[in-house]
There are 2 protein chains.
Amino acid sequence: MDFSTRLRDHGLRVTRQRLAVLGVVDSHPHSSADAVAEKVRRDLPELSLQSVYNVLNDLTAFDLLRRFSPPHSPALYETRVGDNHHHAVCTRCGRVEDVDCAVGHAPCLTPSDSHGMTIQIADVLYQGICKDCAERSPGPAG
Amino acid sequence: MDFSTRLRDHGLRVTRQRLAVLGVVDSHPHSSADAVAEKVRRDLPELSLQSVYNVLNDLTAFDLLRRFSPPHSPALYETRVGDNHHHAVCTRCGRVEDVDCAVGHAPCLTPSDSHGMTIQIADVLYQGICKDCAERSPGPAG
DNA sequence: CCGCTTATTTTGAGTAAGTCAAGATAAGCA
DNA sequence: TGCTTATCTTGACTTACTCAAAATAAGCGG
Ligand SMILES: [Mn+2]
Ligand SMILES: [Mn+2]
Ligand SMILES: [Zn+2]
Ligand SMILES: [Zn+2]
């Protein structure tokens with residue numbers, strides 16, 4: 001189902017700004033608001049940064065986008081929603097990779113004890129050193 | 001082992017500021033920098049917020065503290081390090097609870113495929129509705 | 001297609017969280 | 001006790017993001 005249809009299905013208006021943001025996030029997963037703005041402006045130079053934030057927030061609320069917040073980084077966005085996949089972040093260069101759920105189907109949604117909380121999302125963030133950074137300087141973490 | 005010893009073991013100086021911050025974080029796990037500053041100032045009124053950031057950053061780097069960054073929240077700190085435990089955050093009230101690793105001992109450290117990255121930390125962040133918030137208004141997520 | 005309604009975007013200001021750098025202070029050692 | 005330099009404080013600054021009001025334009029009824 002294309003983005004226009006999905007927007008309409010939620011009662012949201014189909015605007016150039018929303019379609020452009022969705023297109024950029026779709027082709028550049030794990031982009032920050034700034035990065036999205038910069039790329040969208042190649043097609044839509046007059047796009048305001050505020051609109052990028054508006055669009056990202058609205059579409060995240062309606063689950064057309066997914067947001068996650070790695071440490072030392074602005075929030076990142078992707079169109080891959082609903083599959084509870086995880087992320088690995090390189091602590092040296094910030095590189096982000098998708099990681100499928102470790103132990104079969106969404107096991108992370110059933111924690112051993114959650115103090116009576118009803119869990120809806122499990123965001124798993126792996127932190128480590130990516131291959132390139134390890135080759136560049138094989139020392140310990142940093 | 002007490003905090004002074006652990007500081008010295010890393011070649012770090014033992015200062016009132018560091019001990020006070022460690023004490024507050026220890027008795028108030030999952031505190032933000034602001035919250036730490038406010039509580040430390042009951043004993044050490046002249047403590048600067050910049051020093052709180054300095055101390056939290058330095059001690060996190062030496063693994064005397066652990067930091068994590070829930071969405072829509074400043075970074076939170078705790079003294080419970082090295083056991084790879086996880087966190088559940090209420091999306092309504094922000095409450096944070098510790099959650100032991102779901103599937104035995106640190107399974108989260110071995111993701112199915114990490115694109116060649118050497119994983120060192122797995123931060124699992126469960127998001128949901130806490131018991132109190134659910135009782136207050138039992139509707140769907142918020 | 002036209003005009004209306006109101007969601008969306010833009011503009012401009014403002015805030016929260018945290019960093020950077022220079023000088024003052026004090027921890028640890030001789 | 002005095003020296004060295006890590007640490008702390010002060011003050012300015014940045015980044016990431018929010019808030020509110022005015023301008024624009026999407027979608028609908030005619
Ligand atoms: Mn992803
Ligand atoms: Mn904890
Ligand atoms: Zn890397
Ligand atoms: Zn709650």
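Lettering follows sequence order; numbering is per chain, from 1. Atom set for the values below is all heavy atoms of this structure, side chains included, hydrogens, waters and symmetry mates excluded.
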R66(B)/D123(B) salt bridge by N-O under 4.0 Å criterion: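 Salt bridge: yes.
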
Quick one: does R41(B)'s side chain have a donor or acceptor within less than 3.5 Å of a partner on L47(B)'s backbone?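 Yes; judged by distance alone, with no hydrogens or angles, the pair exists.
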
In terms of hydrophobic clustering (I, L, V, M, F, W, Y; side-chain heavy atoms under 4.5 Å; direct or indirect links), are V25(B) and L12(B) co-clustered?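 As far as the 4.5 Å side-chain criterion goes, L12(B) and V25(B) are connected within one cluster.
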
Should T15(A) be listed as having a side-chain N or O under 4.0 Å from OP1 or OP2 of dA25(D)?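 The answer is no; no side-chain N or O of T15(A) sits under 4.0 Å from OP1 or OP2.
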
Within the pair S32(B) and dA17(C), is there a side-chain N or O less than 4.0 Å away from OP1 or OP2? no

Can you tell me if H30(A) and D98(A) form a side-chain donor-acceptor pair at under 3.5 Å?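 H30(A) vs D98(A): donor-acceptor pair found between side chains.
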
How close or far is atom [atom2] of [N] from atom [atom1] of [X], stated in whole angstroms?
| X | N | atom1 | atom2 | answer |
| --- | --- | --- | --- | --- |
| F62(B) | dT7(D) | CZ | P | 8 Å |
| R16(B) | dT9(D) | CZ | P | 8 Å |
| L64(A) | dT8(C) | CG | P | 12 Å |
| R18(B) | dT25(C) | CZ | P | 19 Å |
| N54(A) | dA16(D) | CG | C1' | 14 Å |
| L12(B) | dC8(D) | CG | C1' | 14 Å |
| L47(B) | dT10(D) | CG | P | 10 Å |
| H10(A) | dA26(D) | NE2 | C1' | 18 Å |

Base, sugar-phosphate or nothing for [X]? Non-hydrogen atoms, less than 4.0 Å.
| X | answer |
| --- | --- |
| S51(B) | base |
| N57(B) | sugar-phosphate |
| Q50(A) | base |
| D34(B) | sugar-phosphate |

Look at the side chain of E46(B) against the base of dC8(D) and say whether a donor-acceptor pair falls under 3.5 Å; ignore hydrogens and angles.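 No.
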
Earlier contact from the 5' end, DNA chain C, for L49(B) and R13(B):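 Result: L49(B).
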
What is the distance from atom CG of L56(A) to atom CZ of R18(A), rounded to the nearest 0.5 Å?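 So the gap between those two atoms works out to 11.0 Å.
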
Q17(A), nearest nucleotide to its side chain (from dT9(C), dG18(C), dT9(D)):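 It is dT9(C).
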
